[in-house]
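What follows is a set of notes on a single structure, which appears directly below.
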Amino acid sequence: MGVDLTDLVLDVKRELNFAEIKGKKVSIDAYNAIYQFLAAIRQPDGTPLMNREGKVTSHLNGIFYRTVNLIEEGVIPVYVFDGKPPEMKAEELEKRRRFKEEAEKKLEKAKQIGRIEEMRKYSQMSSRLTGEMAHQSKELLELMGVPTVQAPSEGEAEAAYLNYSGYTFAAASQDYDSILFGATRLIRNLTITGKRKLPNKDIYVEIKPEVIEADTLFKKLGITREELIDVAILIGTDYNPEGIKGIGPKTAYKLIKTYKSIENINKKDLDPSQIYFDYKKIRDLFLKPQVSSPSSSLELGSPDAEKVIGMLVKEFDFNEERVKNTLNRLEKAIKELKGIGRQTGLDQWF
DNA sequence: CACGGGTA
DNA sequence: TACCCGTGG
């Protein structure tokens with residue numbers, strides 16, 4: 001799930017204007033994006049899209065159409081895939097597994113009483129992104145000519161690293177962890193747009209991409225990245241999911257703002273016995289995550305239309321006409337995008 | 001979520 | 001052109 005920093009970023013987050021990322025690379029936390037497609041691209045009763053053999057295709061649908069739309073908007077997406085999770089994430093992963101099991105039980109009940117709305121909700125909650133799905137997504141992107149990066153460990157950390165090292169202009173993820181990992185610019189809601197249903201209500205809200213600039217956030221809060229990491233640890237991260245009982249974003253921020261670090265917090269403000277986790281190790285996971293320099297160029301290549309059709313149409317039963325249409329749009333968008341690189345610098349004269 | 005045909 | 005809505009796989 002990541003760290004809940006919503007309350008702390010409220011004042012600095014702003015709507016993304018696509019013009020500001022035109023022609024720029026954005027490292028996308030692939031797992032995060034694919035998971036959202038998998039959860040969202042479903043029939044009203046929650047059944048995911050599947051080919052005739054019953055293999056789920058929701059993730060491929062999302063990757064294919066959304067990515068082409070992004071490239072048409074002028075963005076060069078760089079999808080970063082997860083490697084092996086850090087051992088300290090085990091508890092969080094176990095927690096997620098239990099959550100899925102609960103959702104599956106609730107789904108069965110909803111099915112029995114035939115409540116379509118509930119069925120959809122619990123299907124979404126119980127969706128699982130398999131290794132095979134991640135692999136298929138990566139394969140599709142490669143056939144499309146879209147750069148991918150294999151992270152040694154956390155994809156989000158690698159995406160942030162690509163960002164602060166200058167390979168990409170921003171990092172895209174739903175999770176605020178990106179900023180803890182060092183991203184300079186975080187874009188949320190890049191891969192999901194449109195309307196989203198409010199939980200348990202019949203109200204739909206417009207979801208728009210938003211930007212959070214790390215430096216602006218640090219300045220606004222008057223703390224450093226290191227200090228924000230300590231704030232996050234108090235609230236609870238993927239590496240200490242429980243956080244500290246009774247401490248939320250506001251309190252955590254106040255404590256670190258006052259004391260600068262977890263070890264400096266006065267005993268009267270926080271009973272040290274509450275800190276049962278190895279916070280120094282967690283700090284290191286954010287400050288010195290396992291990352292690696294990209295081995296490929298991270299440039300858009302030429303799509304292999306034949307193979308994309310082979311995969312989507314022949315193997316996964318996508319509509320041939322739609323796929324061909326979209327491939328044409330993709331080729332056109334790539335050409336235009338490559339034109340931007342050559343033309344910049346000339347534009348100012350015209 | 002996204003497409004595309006229909007409708008105003 | 002903007003939105004609605006049924007369907008995609």
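Just the heavy atoms: all of them, side chains too, but no hydrogens, waters or symmetry mates, feed the values below. Order of the sequence lines fixes the chain letters, A, B, ..., with proteins taken first and strands second; residue numbering starts at 1 for each chain.
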Side-chain donor/acceptor pairs under 3.5 Å, residues 69-76 of chain A, sequence neighbours excluded:
residue : atom : partner  : partner atom : Å
A:Asn69 : OD1  : A:Arg329 : NH2          : 2.4
A:Asn69 : ND2  : A:Tyr65  : O            : 3.4
A:Glu72 : OE1  : A:Arg329 : NE           : 3.4
A:Glu72 : OE1  : A:Arg329 : NH2          : 2.9
A:Glu72 : OE2  : A:Arg329 : NE           : 3.1

- [ ] Any ring pair (Phe, Tyr, Trp, His ring centres under 6.0 Å) involving residues 272-300 of chain A? Give me the pairs, sequence neighbours left out, ordered by first then second residue.
- [x] A:Phe181-A:Phe286, A:Tyr239-A:Phe286

- [ ] Indicate whether the side chain of A:Asn189 and that of A:Gln174 have a donor and an acceptor atom separated by less than 3.5 Å.
- [x] yes

Task: Set of side chain to side chain contact (heavy atoms under 4.5 Å, CB included) partners for A:Thr258, sequence neighbours left out - done: none

Open item on the list: Between P on B:dA2 and CG on A:Leu38, what's the gap in Å once rounded to a whole number?
Closed with: 15 Å

Task: Separation of atom NZ in A:Lys208 from atom C1' in B:dC1, rounded to whole Å - done: 18 Å

Open item on the list: If I take atom CE in residue A:Met50 and atom P in nucleotide C:dT7, what distance separates them, rounded to the nearest angstrom?
Closed with: 16 Å

Open item on the list: Other members of the hydrophobic cluster containing A:Val149, with the 4.5 Å side-chain heavy-atom rule, please.
Closed with: A:Val78, A:Val80, A:Tyr161, A:Leu162, A:Tyr164, A:Tyr167, A:Val291, A:Leu298

Open item on the list: Under 4.0 Å between a side-chain nitrogen and a carboxylate oxygen: does that hold for A:Glu102 and A:Arg98?
Closed with: no

- [ ] Using side chain to side chain contact (heavy atoms under 4.5 Å, CB included) as the criterion, list what pairs up with A:Arg120, not counting sequence neighbours.
- [x] A:Arg42, A:Gln124

Task: Distance test, side-chain N/O of A:Arg329 to OP1/OP2 of B:dC3, below 4.0 Å - done: yes

Task: Interface residues of residues 51-82 of chain A with DNA chain C (non-hydrogen, below 4.0 angstrom) - done: A:Thr57, A:Asn61

Task: All pairs passing side-chain hydrogen bond (donor to acceptor under 3.5 Å, both in side chains) where residues 217-233 of chain A contributes a residue, at least two apart - done: A:Asp230-A:Arg283

TODO: Starting from P on B:dA2, measure out to CD on A:Gln36 and report it in whole angstrom.
DONE: 11 Å

Open item on the list: Nearest whole Å is fine: how far is C:dG9 P from A:Arg42 CZ?
Closed with: 17 Å

Open item on the list: Expressed as a whole number of angstroms, how long is the span from A:Glu206:CD to C:dA2:C1'?
Closed with: 13 Å

Open item on the list: Please report the distance, rounded to the nearest Å, between CG in A:Leu330 and P in B:dA2.
Closed with: 15 Å

TODO: Mind calculating the distance between CD (A:Gln43) and P (C:dC5) to the nearest angstrom?
DONE: 18 Å

- [ ] Could you list who else is in A:Leu93's hydrophobic cluster, with ILVMFWY side chains joined at under 4.5 Å, directly or through other members?
- [x] none

- [ ] Return the residues of residues 311-328 of chain A meeting this criterion: a heavy atom under 4.0 Å from some atom of DNA chain B. Order them by number, or give none.
- [x] A:Arg322, A:Asn325

